[in-house]
Amino acid sequence: MTTVLRASPRRFVSTPTIERIAARALRYLQSGFSVHLRGCAGVGKTTLALHLADLLTRPIMLMYGDDDSKSSDLIGAQSGYTRKKVVDNFIHSVMKVEDEMKHTWVDSRLTLACREGFTLVYDEFNRSRPEVNNVLLSALEEKLLVLPPTSNQTEYIRVNPQFRAILTSNPEEYCGVHSTQDALMDRLVTINIPEPDELTQQEIVIQKTEIDRISAGFIVRLVRSFRQKTGSDKASGLRSSLVIAKVCQEHSIPAMPEDADFRDICSDVLLSRIGIPLEDATKILWEMLNDFIGAVELPIAEQVVELLEDLPESSIEQIAETLTQEQQIYRYLVRSNGAGLSDIESEFAIARTEVLEALRALTIQGLVIHRDRRFYAVEPLETET
């Protein structure tokens, strides 16, 4: 059975850089061309390919390149037999028996996509041997899919005009990757996908892990700086940032350079993905973490906790009276340059109803505005005296 996918765009992180790339790719697809997204591991090629497929609003067929793949994995193959037996005894003195056995042909994903006009997402297609992908040549250029003559059906399928193919690939120097065919590349529009910029990585980390913005920004900066200093340019640091942020968020570990648990997580995640001696990489990471000490700002809630710990009881009561929850949220929005409801909830560890009440009060006072599901602080208007 072949499963048809429908992508969910709800968790796709869109930033100006991503939007420009997506707009370029979508333009080619809408004009009838197939697109090839090329870039190093972890830059988001597959996610972008599924997002583009969703924008085409057609069912999606997802395939993965594999060194063991055969052409039949793309177009289909004979699968079992169909037997038909007819016994004709209409004239009692005559017995006619017809016994027929035929192969059963089962379409694979490429054939089904070409026949029905679906969108084919062929992820890491250059992990398949080049000759396996030969069936794509006529489908993309002549709009004809050629089937084996033994398939007990027409040998040619006219490709549906709505068929589109989105291919992704890793650089050829990666292990297990084959060279791409010139003839196939000539039929594709190739877009090189760079590593996401710092803003994009930060937004992805926040949305995927729900960690606060300050911690996400620090983790992304730390991973990017470490990769630059160790020359680790064969893969993106986004996956490393996601792993570190998710573990910190789920186990309540502060993303602070002086925290021992955070240092251990960074060591485990980052030192296993470098191409220089372990001793040198460890030294670089430790020096970077030491340089960051004092430069990373604590989340507001933790700042308040630290402040209260050093103050006498009378001062704590005074601060509690003067610094209301609304003021704390307003200060947080000013410092974070906007935040979503989940960000505020996680920052102050309070219920959503309390957050909404505070935001409603701030909005009535004209101190907060709501735009694109995020809340932004507004400077209070000066009154004339």
Side-chain angles (χ1 to χ4, degrees), residues 8-23 44 47-48 51 196-224 238 241-242 245-246 248-249 254-256 292 295-307 319-385:
S8 172
R10 288 176 298 177
R11 294 182 66 82
F12 183 78
V13 178
S14 185
T15 63
T17 305
I18 296 294
E19 287 178 359
R20 282 196 298 274
I21 296 175
T47 303
L48 179 58
H51 175 64
D197 57 27
E198 187 171 325
L199 172 63
T200 303
Q201 291 197 31
Q202 182 176 320
E203 293 298 327
I204 292 173
V205 169
I206 292 171
Q207 182 158 329
K208 300 289 185 185
T209 67
E210 298 184 350
I211 199 170
D212 65 89
R213 184 169 296 277
I214 295 175
S215 299
F218 166 58
I219 292 172
V220 170
R221 286 198 302 277
L222 174 67
V223 173
R224 287 171 66 92
L238 179 57
S241 299
L242 286 169
K246 186 175 178 64
C248 288
Q249 176 68 5
M256 303 294 294
F292 272 115
V296 181
E297 188 179 11
L298 277 172
I300 298 296
E302 295 182 22
Q303 289 183 34
V304 173
V305 171
E306 279 196 356
L307 177 65
I319 288 176
E321 290 176 359
T322 55
L323 193 62
T324 65
Q325 195 168 75
E326 294 171 13
Q327 290 171 326
Q328 292 180 34
I329 292 176
Y330 179 73
R331 287 177 54 197
Y332 171 68
L333 293 177
V334 169
R335 294 187 179 189
S336 61
N337 193 26
L341 276 177
S342 58
D343 297 330
I344 303 173
E345 282 178 351
S346 61
E347 182 69 28
F348 296 98
I350 57 177
R352 175 157 295 200
T353 53
E354 295 179 67
V355 175
L356 290 173
E357 287 179 5
L359 290 172
R360 186 179 296 110
L362 291 169
T363 304
I364 292 173
Q365 297 173 52
L367 296 174
V368 167
I369 59 172
H370 182 216
R371 186 171 62 242
D372 297 332
R373 299 183 179 182
R374 296 179 64 80
F375 295 89
Y376 297 88
V378 179
E379 292 292 334
L381 296 175
E382 294 183 359
T383 56
E384 294 182 0
T385 58

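Position 1 is the first residue of the sequence; numbering continues from there. Everything numeric here is computed off the predicted structure, so don't read it as measured data.
T200 contributes atom OG1, which lies 8.5 Å from atom CD1 of I21 (distance to the nearest 0.5 angstrom). M256 CE to F292 CZ: the interatomic distance, rounded to the nearest 0.5 Å, is 11.5 Å.
No side-chain heavy atom of D343 sits under 4.5 Å from any side-chain heavy atom of D212. With contacts defined as side-chain heavy-atom distances shorter than 4.5 Å, the pair R213/S336 qualifies. Using a 4.5 Å heavy-atom threshold, the side chains of I219 and I211 count as touching.
Remark: the backbone N or O of G44 is not paired with any side-chain donor or acceptor of T47 at under 3.5 angstrom. A donor-acceptor pair under 3.5 Å is absent between the side-chain atoms of Q201 and the main chain of V220, judged by distance alone. Side-chain atoms of Q202 do not come within 3.5 Å of backbone N or O of A216 as any donor-acceptor pair.
Salt bridge absent: R335 and E347 never bring a charged side-chain N and a carboxylate O closer than 4.0 Å.
The heavy-atom pair separating Y330 from A377 by the smallest distance is CE1-CB, 3.7 Å.
Considering only residues two or more places apart in sequence or on other chains, E198 meets the salt bridge (Lys or Arg N to Asp or Glu O under 4.0 Å) condition with none of them.
With Y332 as the partner, the ring-ring contact (aromatic ring centres under 6.0 Å, His included) test is satisfied by one option alone out of F348, F375, Y376: F348.
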> Can L333 and I344 be said to form a side chain to side chain contact (heavy atoms under 4.5 Å, CB included), step by step?
Replying inline: CA-CA 9 Å; L333 293 177; I344 303 173; 4.1 Å; yes

> Hey, mind stepping through K208 and V205 against side chain to side chain contact (heavy atoms under 4.5 Å, CB included) and telling me if it holds?
Replying inline: CA-CA 5 Å; K208 300 289 185 185; V205 169; over 6 Å; no

